[in-house]
Amino acid sequence: MALIRTAVTDAPLDLAGEFAGVSNGRADVGAVVTFTGLCRDEDGRLEALELEHYPGMAEAEITRIATLAAERWDVQALTVLHRYGKVTPGEAIVLVVAASSHRHAAFEAAEFVMDFLKTHAPFWKKEHALDGSTAGWVEARIADDEAEARWNKDA
Amino acid sequence: MALIRTAVTDAPLDLAGEFAGVSNGRADVGAVVTFTGLCRDEDGRLEALELEHYPGMAEAEITRIATLAAERWDVQALTVLHRYGKVTPGEAIVLVVAASSHRHAAFEAAEFVMDFLKTHAPFWKKEHALDGSTAGWVEARIADDEAEARWNKDA
Amino acid sequence: MKLLYFAWVRERIGLTDETVEPPAHIGTVGDLLGWLRTRGEGYEAALVEPEAIRVALDHDHAEHDASIVGIREVALFPPMTGG
Amino acid sequence: MKLLYFAWVRERIGLTDETVEPPAHIGTVGDLLGWLRTRGEGYEAALVEPEAIRVALDHDHAEHDASIVGIREVALFPPMTGG
């Protein structure tokens with residue numbers, strides 16, 4: 001059984017701590033893949049992203065997606081954390097950590113989680129510009145729908 | 001141009017430090033994928049792995065593979081570090097960090113580096129058992145050759 | 001039935017949530033969106049392109065032809081942009 | 001020509017490296033492997049299955065039919081197991 005840990009939080013995400021959480025004290029883990037999604041400054045014009053989420057459903061969807069991934073790939077541990085609230089450029093928005101004895105399982109589980117999270121987890125990004133204006137809501141990308149769809153073709 | 005950093009070292013690998021190296025001070029990075037290959041204890045019987053390498057060629061091959069990946073995917077930074085010498089269970093043997101503005105580029109570049117590194121980088125693992133005996137050389141896996149071959153089919 | 005609104009749907013309607021009792025003939029998500037549009041300018045601005053609206057019924061994603069019978073919480077929001 | 005041996009090839013031959021002058025008719029990697037096998041028991045034990053031996057010529061991977069003319073450094077080793 002994979003150890004699944006998910007959280008929706010307004011606190012900074014800790015890559016080193018989460019890596020240690022899936023690997024320390026267990027010498028049966030051979031491969032750890034991490035994905036970190038960072039807030040970009042959009043060529044210097046962005047002051048912050050504000051992440052709105054649907055409390056209750058956001059946690060439930062992330063846990064559902066992590067569980068799907070753990071059923072599909074042979075992972076020993078899978079951690080999925082997502083920020084809400086204000087996030088400034090350079091800060092992490094999302095962190096996925098997949099531990100497995102096989103590197104391809106770790107890579108694919110992490111990538112699957114990200115593709116489904118983009119299209120299914122109820123979060124919305126609003127841009128705040130450095131000049132004090134609100135630049136508006138980030139639009140969803142069709143590429144994200146396509147990225148999710150390819151996992152169905154594989155199945 | 002991607003920032004490429006490679007090293008063959010007998011010192012512990014520092015995930016958090018290498019992550020910071022590709023992301024700190026640059027707010028144009030949106031996605032960072034890391035791969036860590038860890039020494040397992042093989043159900044408790046392993047004391048250590050001894051990693052033999054071909055000095056000169058090992059560094060050259062890793063740099064060649066990282067450069068190939070950086071030419072094929074749109075990455076902003078790519079770090080590939082590999083240990084030599086004795087490594088104990090739980091310690092990292094290899095660390096790949098790929099930074100990009102697109103998550104799929106980061107995932108694929110890191111996975112490509114690992115697949116080619118397994119089959120092309122001149123390193124050999126010898127197992128040292130806890131009971132003081134030397135358990136012998138680790139055998140190459142056919143699955144690793146197949147993993148490498150699929151990148152040619154894609155091309 | 002509790003309604004929740006997120007992102008620009010929330011901003012245009014001007015509410016984070018409300019509790020409504022739709023008429024008995026409102027059986028699907030699509031019916032509900034059509035009925036809400038008649039409730040004022042903010043609703044019309046939010047729902048003028050219904051195909052852009054994503055829906056969750058009691059925390060599960062649902063299509064516009066899904067039944068809302070027996071549902072306690074309906075959330076309306078734009079395509080998600082997390083991750 | 002400098003020869004380098006790694007992993008169990010090194011252990012069986014009992015040397016990390018040596019400098020040799022193969023006869024003039026030794027033109028390819030395959031020729032070289034055949035010639036080395038005649039040099040003693042350790043070489044025979046290391047090279048008895050030539051198809052298991054990987055080769056690098058001046059730090060570049062090479063096949064057994066590659067020419068060794070002009071090569072300064074030949075490394076012989078088992079399939080790699082890094083990563």
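Everything quoted here is computed from the prediction, not taken from an experiment. Throughout, a chain's letter reflects where its sequence line sits, starting with A, and its residues are numbered from 1.
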K.L.:
Please classify the contact of A:Ala92 with chain B as side chain, backbone, both or neither, using a heavy-atom distance under 4.5 Å.
P.N.:
neither
K.L.:
For the residue pair A:Ala147 and B:Arg103, what are the closest heavy atoms and their distance?
P.N.:
CB-NH2, 3.9 Å
K.L.:
Does atom CG of A:Asp131 have more than 12 heavy-atom neighbours from other groups under 6.0 Å away?
P.N.:
yes
K.L.:
Looking at A:Val29, A:Asp28, A:Asn24, which one has more heavy-atom pairs under 4.5 Å with chain B than the rest?
P.N.:
A:Val29
K.L.:
For B:Phe107 and A:Phe107, take the angle between the two ring planes, folded into 0 to 90°, and tell me which bin it lands in: parallel under 30, tilted 30 to 60, perpendicular over 60.
P.N.:
perpendicular
K.L.:
Pick whichever of A:Arg26, A:Glu42, A:Lys118 has the most heavy-atom pairs under 4.5 Å with chain B.
P.N.:
A:Lys118
K.L.:
Identify which of A:Ser101, A:Ala99, A:Ala143 forms the greatest number of heavy-atom pairs closer than 4.5 Å to chain B.
P.N.:
A:Ser101
K.L.:
Side chain, backbone, both or neither: which part of B:Ser23 has a non-hydrogen atom closer than 4.5 Å to chain A?
P.N.:
side chain
K.L.:
Quick check on side chain to side chain contact (heavy atoms under 4.5 Å, CB included): which of B:Val96, B:Thr36, B:Val33 does A:Val33 satisfy it with?
P.N.:
B:Val33
K.L.:
Measure across A:His104 and B:Asp115 and return the closest heavy-atom pair with its distance rounded to 0.1 Å.
P.N.:
NE2-OD1, 2.9 Å
K.L.:
Going by residue number, which parts of residues 7-20 of chain A are within reach of chain B, meaning a heavy-atom gap below 4.5 Å?
P.N.:
A:Leu15, A:Ala16, A:Phe19
